[in-house]
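Quick notes on the structure that follows.
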Amino acid sequence: MSEREAGRRDRLRATAAEAGLDAVLVTNLLNVRYLTGFTGSNGALLLRTDGGDLFGTDGRYTTQASTQVPDLELLVDRGTVSALAAAAVRRGAGRLGFESHDVTVDGLRGLERVLADAADGGTVPELVSIRRAVEALRAIKDDGEVEALRRACAVADRALAELAAEGALRPGRTELQVGHELDARMLILGAEAPSFESIVATGANSAIPHHRPDATVLRDGDFLKLDFGATVQGYHSDMTRTLVLGHAADWQQEVYALVAAAQAAGRAALAVGAEVTAVDAASRDLIVAAGHGDHFTHGLGHGVGLEIHEAPGISALGAGRLAAGMAVTVEPGVYLPGHGGVRIEDTLIVTDDEPELLTLTSKELLVL
Ligand code: ZN
Ligand code: ZN
């Protein structure tokens with residue numbers, strides 16, 4: 001356990017050394033978890049380029065820290081981040097990296113004050129943003145993370161299969177009822193929590209990409225769009241399936257076939273070295289060619305892991321290339337306002353070979 005986190009800290013250490021930093025103050029809680037294994041609600045890490053890392057938390061977590069982070073020197077202080085910053089000064093940091101995307105304006109002013117006070121007339125360390133350096137490391141999953149994602153996806157697959165087999169997805173029920181049952185079933189099957197508030201959207205609501213389930217009643221002949229996932233060991237799965245209740249009309253079959261083809265094209269474009277913009281285009285071009293470009297109103301996909309949305313973003317506005325070990329979604333949609341919409345989403349792992357599909361529920365149009 002701690003060996004895995006030590007390897008991650010060494011990778012960040014190499015990045016920090018390259019940037020000429022003496023130490024890095026990691027404050028984003030998920031990044032702290034990734035680098036130390038600590039799962040409490042207050043923790044921060046002072047990573048030093050020449051080793052001798054310091055983990056900080058407050059008195060509520062002394063016991064938990066000694067269990068989860070046994071290999072690091074522990075600093076217990078209610079002002080955790082300030083105490084770590086002061087420790088960085090005492091240990092002679094001249095250039096201190098910090099996570100500018102995680103620190104508020106007030107937090108930054110406080111940090112500057114602490115550094116000046118701790119320097120006590122001496123040289124005040126320079127604060128240097130490391131940007132999203134830890135998030136960049138997190139984008140590439142190791143075997144343990146991929147296994148957690150596999151399990152999270154399997155829970156979601158099974159929850160949907162069981163509800164469908166039991167007839168829980170039938171006309172007369174409400175979106176909220178279905179959403180609650182989906183969440184409850186995932187918990188029974190071993191999820192720590194749903195990945196996010198499950199999206200259950202039927203009829204015209206299915207044309208709203210992120211519709212919140214409400215009292216709308218499922219009706220015969222309507223689309224039923226379900227976007228949901230399970231969290232296992234902190235890792236999130238993400239899957240969307242769109243079904244039809246009773247019978248599928250021609251227009252529904254047409255829209256579904258188009259989105260399914262675009263989704264397959266997006267999956268096929270997931271290759272090591274592929275530009276994320278090219279992956280988005282591989283899928284989107286089919287939808288544009290069919291005249292529905294204006295009805296596909298979001299990016300193609302996103303990374304998943306300790307967060308439901310993380311690097312890399314796969315969209316026309318994205319930047320960068322895919323690498324082996326990235327966990328991503330492919331989720332094109334066509335939404336016809338006032339009418340109905342289809343989205344099909346899988347979670348996959350980019351590999352040197354074919355991508356590994358983790359969400360295994362069938363993508364044939366299911367008529368219930
Ligand atoms: Zn989703
Ligand atoms: Zn998604």
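Computation of the quantities below employed the complete heavy-atom set of this structure, encompassing side-chain atoms and omitting hydrogens, waters and symmetry-equivalent molecules. Start at 1 and go down the list; that is how both ligands and their atoms are numbered.
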Can you name the N/O/S atom of Asp227 that is nearest the Zn ion (ligand 1)? OD1
Are any side-chain N or O atoms of Arg173 and backbone N or O atoms of Ala168, one a donor and one an acceptor, separated by less than 3.5 Å? yes
Would you please classify the geometry between the His298 ring and the Tyr335 ring as parallel, tilted or perpendicular, with 30° and 60° separating the classes? tilted
Under a 3.5 Å cutoff, is there a donor and acceptor pairing between the side chains of Asp106 and Thr104? no
The N/O/S atom of Glu345 lying closest to the Zn ion (ligand 1) is OE1
Taking the Zn ion (ligand 2) as the vertex, how big is the angle to NE2 in His302 and OD2 in Asp238, rounded to 10°? 90°
Closest Glu331 atom to the Zn ion (ligand 2) [N, O or S only]: OE2
Hey, is CG on Asp50 packed in by over 12 heavy atoms from elsewhere, all under 6.0 Å? yes
